[in-house]
Amino acid sequence: MERDAVIVKCAHCGTKNRIPKERIHQGPRCGKCGAPIPVGDNTGRPVDITDRVFSSEVLSAPGPVVMDCWAPWCGPCRTVGPVLEQLAGEYAGRVKVVKLNVDENPETASRYGIRSIPTLLFFKNGEMVDTLVGAVPKAEIERHLTALL
């Protein structure tokens with residue numbers, strides 16, 4: 001039995017598939033019907049999270065996660081927002097994009113030492129692996145994002 005694996009139900013046939021965490025980014029397929037098994041977030045939109053759900057939405061997520069630490073009053077955050085919306089759509093099923101309002105969720109912001117916004121935190125297998133601070137171009141965000149895959 002695999003220790004570091006996730007169980008994902010096939011949307012096509014309903015079969016439960018055990019996928020090793022180290023292989024989840026390789027585009028797994030159902031063992032019974034062969035249909036692709038989407039991992040990460042499939043909505044194609046960033047997901048708003050709170051301190052309360054941070055662990056389940058980010059640290060326990062089966063694939064890579066990008067967390068946008070932002071605030072509604074921040075001009076540069078409003079510049080990065082549409083770029084993340086676009087990237088969430090382009091990487092749907094492969095990368096989960098979440099947004100954390102630092103004003104409303106100080107516990108998680110403090111835990112990761114967020115002192116400037118926007119800050120993007122990149123997680124893989126529940127561990128933070130990269131950080132970007134400031135309103136950076138889409139190509140720069142995408143470069144860090146593809147390094148997760």
Side-chain angles (χ1 to χ4, degrees), residues 2-11 16-30 35-149:
E2 304 264 350
R3 281 191 340 231
D4 292 332
V6 293
I7 305 293
V8 182
K9 188 175 180 181
C10 176
K16 292 181 182 177
N17 293 269
R18 182 179 310 276
I19 304 168
K21 283 188 178 180
E22 68 271 4
R23 297 191 64 209
I24 203 149
H25 68 281
Q26 296 174 342
R29 293 189 167 273
C30 177
I37 297 176
V39 294
D41 178 52
N42 292 317
T43 64
R45 299 186 50 98
V47 177
D48 290 314
I49 64 166
T50 63
D51 285 339
R52 190 175 58 79
V53 300
F54 169 76
S55 182
S56 63
E57 290 288 333
V58 176
L59 300 181
S60 298
V65 179
V66 177
M67 182 168 76
D68 176 21
C69 301
W70 71 288
W73 50 263
C74 169
C77 296
R78 290 191 302 254
T79 302
V80 171
V83 172
L84 291 174
E85 290 258 346
Q86 187 179 19
L87 289 170
E90 292 173 11
Y91 287 85
R94 296 184 291 160
V95 176
K96 182 176 192 175
V97 178
V98 299
K99 296 177 71 66
L100 179 82
N101 182 329
V102 296
D103 288 342
E104 296 174 357
N105 301 283
E107 184 180 312
T108 303
S110 176
R111 177 179 180 180
Y112 288 94
I114 305 302
R115 299 196 190 289
S116 181
I117 54 175
T119 294
L120 300 178
L121 303 178
F122 298 82
F123 292 85
K124 187 171 187 175
N125 299 326
E127 298 290 326
M128 189 179 76
V129 295
D130 204 356
T131 305
L132 268 177
V133 179
V136 296
K138 179 184 177 186
E140 180 69 9
I141 297 170
E142 198 160 20
R143 186 175 68 77
H144 289 260
L145 191 58
T146 55
L148 289 177
L149 301 175

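Just so it is clear, the values below take in all heavy atoms, side chains as well, and ignore hydrogens, waters and symmetry mates.
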Search all heavy atoms of Pro118 against all heavy atoms of Ala135 and return the closest pair with its distance.
CG-N, 3.9 Å

Got a second to check how far Lys96's NZ is from Glu57's CD, nearest 0.5 Å?
3.5 Å

Here the pair of heavy atoms bringing Glu140 nearest to Arg143 is OE2-NH2, 2.9 Å

Any side-chain to backbone donor/acceptor pair from Arg78 onto Pro72? Under 3.5 Å, distance only.
yes

Could you walk me through whether Leu120 and His144 satisfy the side chain to side chain contact (heavy atoms under 4.5 Å, CB included) test, starting with their C-alpha distance in whole Å, then the side-chain angles of each, then the deciding distance to 0.1 Å, before giving a yes or no?
CA-CA 10 Å; Leu120 300 178; His144 289 260; over 6 Å; no

Side chain to side chain contact (heavy atoms under 4.5 Å, CB included) between Asn101 and Trp70, worked out
CA-CA 5 Å; Asn101 182 329; Trp70 71 288; 4.2 Å; yes

Exercise: identify the closest heavy-atom pair between Cys77 and Cys74:
SG-SG, 2.6 Å

Which atoms form the tightest heavy-atom contact between Asn17 and Arg29, and what is the distance?
OD1-O, 4.3 Å

Value rounded to 0.5 Å, distance of NZ in Lys99 from CG in Leu84
6.0 Å

So Leu100 and Ile114, do their side chains get closer than 4.5 Å, heavy atoms only?
no

If we ignore hydrogens and angles and just use 3.5 Å, is the side chain of Lys138 paired with the main-chain N or O of Val83 as donor and acceptor?
no

Mind checking the CG-CZ spacing from Asn105 to Phe54? Nearest 0.5 Å is all I need.
10.5 Å

Hey, what do you get for OH (Tyr91) to CG (Leu145), rounding to the nearest 0.5 Å?
5.0 Å

Looking only at heavy atoms, what is the nearest atom pair of Met128 and Tyr112, with distance?
SD-CD2, 3.7 Å

Evaluate the side-chain proximity of Glu104 to Thr50: yes if any heavy-atom separation is below 4.5 Å, no if none is.
no

Do Val102 and Thr119 make a side-chain contact, defined as non-hydrogen atoms from C-beta onward lying under 4.5 Å apart?
no

Applying side chain to side chain contact (heavy atoms under 4.5 Å, CB included), run through Ile49 and Thr108 and close with a yes or a no.
CA-CA 10 Å; Ile49 64 166; Thr108 303; over 6 Å; no

What are the two closest non-hydrogen atoms of Asp51 and Pro106, and how far apart are they?
OD2-N, 3.6 Å

Among Leu132, Val95, Thr131, side-chain contact (heavy atoms from CB on, under 4.5 Å) partner for Phe122:
Leu132

